[in-house]
2 protein chains.
Amino acid sequence: MAETPSRSVTISAIAAEAGVSAPTVSRVLNGRGDVAPETRERIENLLRLRGYRRRGSRGDGQRRGERIGLIDLVFNDLDSPWAVEIIRGVEDAAHGMDSGIAVSAIHRQASSTRKWLQNVRSRASDGAVLVTTDLDSELRSELEELHIPVVVIDPVGLSDLTVPTIGCTNWAGGLSATTHLIELGHRRIGFVAGRPELWCSRARLDGYRAGLETAGIEVDPELIAPGEFNYESGFRAGERLFDLDDPPTAVFAASDQMALGVYEALRQRGLRVPDDVSVVGFDDLPQARWSSPPLTTVRQPLDDMGRLAVRTLRRLMDSEEIESPRVELATELIVRDSTAPSPTATKK
Amino acid sequence: MAETPSRSVTISAIAAEAGVSAPTVSRVLNGRGDVAPETRERIENLLRLRGYRRRGSRGDGQRRGERIGLIDLVFNDLDSPWAVEIIRGVEDAAHGMDSGIAVSAIHRQASSTRKWLQNVRSRASDGAVLVTTDLDSELRSELEELHIPVVVIDPVGLSDLTVPTIGCTNWAGGLSATTHLIELGHRRIGFVAGRPELWCSRARLDGYRAGLETAGIEVDPELIAPGEFNYESGFRAGERLFDLDDPPTAVFAASDQMALGVYEALRQRGLRVPDDVSVVGFDDLPQARWSSPPLTTVRQPLDDMGRLAVRTLRRLMDSEEIESPRVELATELIVRDSTAPSPTATKK
DNA sequence: CTGAAAGCGCTTACAG
DNA sequence: CTGAAAGCGCTTACAG
């Protein structure tokens, strides 16, 4: 957790500590050229270390409980289909407390990360919500230097606990999806896994296993196909599962996108959902509702996770207690039209 | 177009004009309670009129060509599936010029619009990109009072030209989709229209008509079904078209979401895409690629529209010339697997 | 390359 | 409810 930013990290405080005058620090801050390299570096270090933030003439800095003005919302990339869901939740909660949100993506190149950080610093937001699958440690330490509260929304991982993290119950979701299929009479249930290096993939897989084992069904490794959460990998996994000698009658895919890939693999084989094969996804992205047939899936409350992130940020800013560094919101099985009783099941 | 903001709308300038002291204006700005109602109102009006923006102690205001720091990106609602596409484009371009973006939604209630505006004002962004289907005139005049450059991204409408607007070639897109189907041998081609009050719906419909007429096919009003751009209306339109005595062999829907609704209507009737019926959409949202079968559609370059909006804003800020108040980017037909030769066509 | 001085825009007690 | 005064954080010439 970042040290509490000292109450008045002003230009003159920094100047005093660096043994220069205030104007010199000001010049460094404004990127003027005429400062000796050593001086500049010394000042820049202090600036970072002390978490300097421009304060205008508002007097004695941020007061406890002061209205928050701007929250940074940071994605790895904006091409994930769940980005909007989270944006909506965060925007909604921020709006409710009269705050704005600054959305940005850390573009791949390391060089640009640095520029991006400078941006965040210069717009002086009051807190940051990070949505990220891979929160590398370098970035994290850079963020600490911002001296603002940070909350991580982490729908896929299970990061370490130095920063409050908001996730969802992946294991329970995997279990409920599998149980749903078993209750429909399915016995051969395929699983399309997510990226193996992410904890959520493991949790969903274990939920699947637990469901089978509870029902006394043996886990057949042949029925577990690798995937990477995206459409294409779901499609390939679907092909693989239905090329088996004894193919499954139902498939649980660890993401909606992979479930849609499975749809396509089935369509190309002339198999129908749900008449021939049942399919369950994970996420409940809007497109799950608009697929044909509408997809039964495990809902991950991304918007609520966004809202909770903002509320947590708020508490952090007010130096209130956080219940727990890791919160997992409940997943929920949404039954639509892609699941039906197993064609091979004994009719009851 | 907003009047150019005067160079130095300072608190004391406002105070002088209002015949009060600077501290009083300051109190109004900071929402302190102890100001006489009439005084407050007089000051608030002047503040709006003169486009007051907090300037800290940066000396003489914004200099021409100064690095831009924050761009406001405003949606009506964040539930539109194309929101991310635009966000990505705007973020990308803004990132490229070391600027951040503040994303917000105007929530429905009028009361909250006012609060939202105050927020925009107080975060002092350097420009605003509006994405909106219904840019009501009240909101627009409020925005003028912000005295910052504004660009409207308008994928659906054709607003009046007091503000630079970026759209796409809806008519040409409608024409190319229809021509594609005709070239595949289809003669009875259904059309699912968009919300009739929006100009883009009209343009797409006219493109459809033009395509038919060019090929010497009579326009059958029965084949034109009403829709509202969303999934449900597409579904209903599909039901209606395929309940006709002489149903179409192909359908062009004025949005991807409606096309997916048509998919579902077809599935429920046991009809297959594209073997029995071809379907074309409009937008090329990511989900078009992930539908089953992947959807042939007219691509609207939403991300490029976002990028262009930022570049236009930049020129406005630098007081450079804008080529044209209304720019339309080209649409492009993306052929995937939802279209095939008409089953009733004479084989060539 | 750096600092002392002047100044800007704003806010905060304080007095009435 | 309002203003004169003091002060804060920062920046901009200017001088060396």
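Reckoned from all heavy atoms, side chains included, excluding hydrogens, waters and symmetry mates. Naming: A, B, ... by sequence-line order, numbering from 1 per chain.
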> Rounded to whole angstroms, how far apart are CG on A:Asp34 and P on D:dC14?
Replying inline: 15 Å
Using the 3.5 Å cut-off, write out each protein N or O paired with an N or O of nucleotides 3-5 of chain D and the distance between them.
{"unit_1": "D:dG3", "atom_1": "OP2", "unit_2": "B:Ser21", "atom_2": "N", "d": "3.0"}
{"unit_1": "D:dG3", "atom_1": "OP2", "unit_2": "B:Ser21", "atom_2": "OG", "d": "3.1"}
{"unit_1": "D:dG3", "atom_1": "OP2", "unit_2": "B:Thr24", "atom_2": "OG1", "d": "2.8"}
{"unit_1": "D:dG3", "atom_1": "N7", "unit_2": "B:Arg27", "atom_2": "NH2", "d": "2.8"}
{"unit_1": "D:dG3", "atom_1": "O6", "unit_2": "B:Arg27", "atom_2": "NH1", "d": "3.3"}

>> Closer than 4.0 angstrom, basic N to acidic O: yes or no for A:Arg88 and A:Glu85?
In response: yes
> Just to confirm, is there a sub-4.0 Å distance from OP1 or OP2 of C:dT2 to any side-chain nitrogen or oxygen of A:Thr39?
Replying inline: yes
>> Expressed as a whole number of angstroms, how long is the span from A:Ile14:CD1 to D:dC10:P?
In response: 10 Å
> A:Leu308 versus A:Asp304: any side-chain heavy-atom pair under 4.5 Å?
Replying inline: no
> For the pair made of CD1 in A:Ile11 and C1' in D:dC10, what is the distance, rounded to whole Å?
Replying inline: 6 Å
> Where do A:Val163 and A:Val150 come nearest, in terms of heavy atoms and distance?
Replying inline: CG1-O, 3.6 Å
>> Under a 3.5 Å distance rule, please check whether A:Arg42 uses its side chain to pair with a backbone N or O of A:Ala18 as donor and acceptor.
In response: yes
> What's the shortest heavy-atom distance between B:Ile153 and B:Gly306, and which atoms?
Replying inline: CD1-CA, 3.6 Å
>> How close do B:Gly127 and B:Leu313 get, counting heavy atoms only, and between which atoms?
In response: C-CD2, 4.0 Å
>> Looking at D:dC10, I'd like to know if its phosphate oxygens (OP1 or OP2) sit under 4.0 Å from a side-chain N or O belonging to A:Ser26.
In response: no
>> So, applying side chain to side chain contact (heavy atoms under 4.5 Å, CB included) with B:Asp303, which one of B:Gln300, B:Met305, B:Arg307 is it?
In response: B:Arg307
> Which one, D:dC10, D:dC1, C:dT2, comes nearest to the side chain of A:Thr10?
Replying inline: D:dC10
>> As a test of your reading of the structure, name each stem of DNA chain D as range with range, where a stem is three or more consecutive Watson-Crick or G-U pairs at under 3.5 Å.
In response: C:1-3 with D:14-16, C:5-12 with D:5-12, C:14-16 with D:1-3
>> How close do B:Ala309 and B:Val129 get, counting heavy atoms only, and between which atoms?
In response: CB-CG1, 4.0 Å
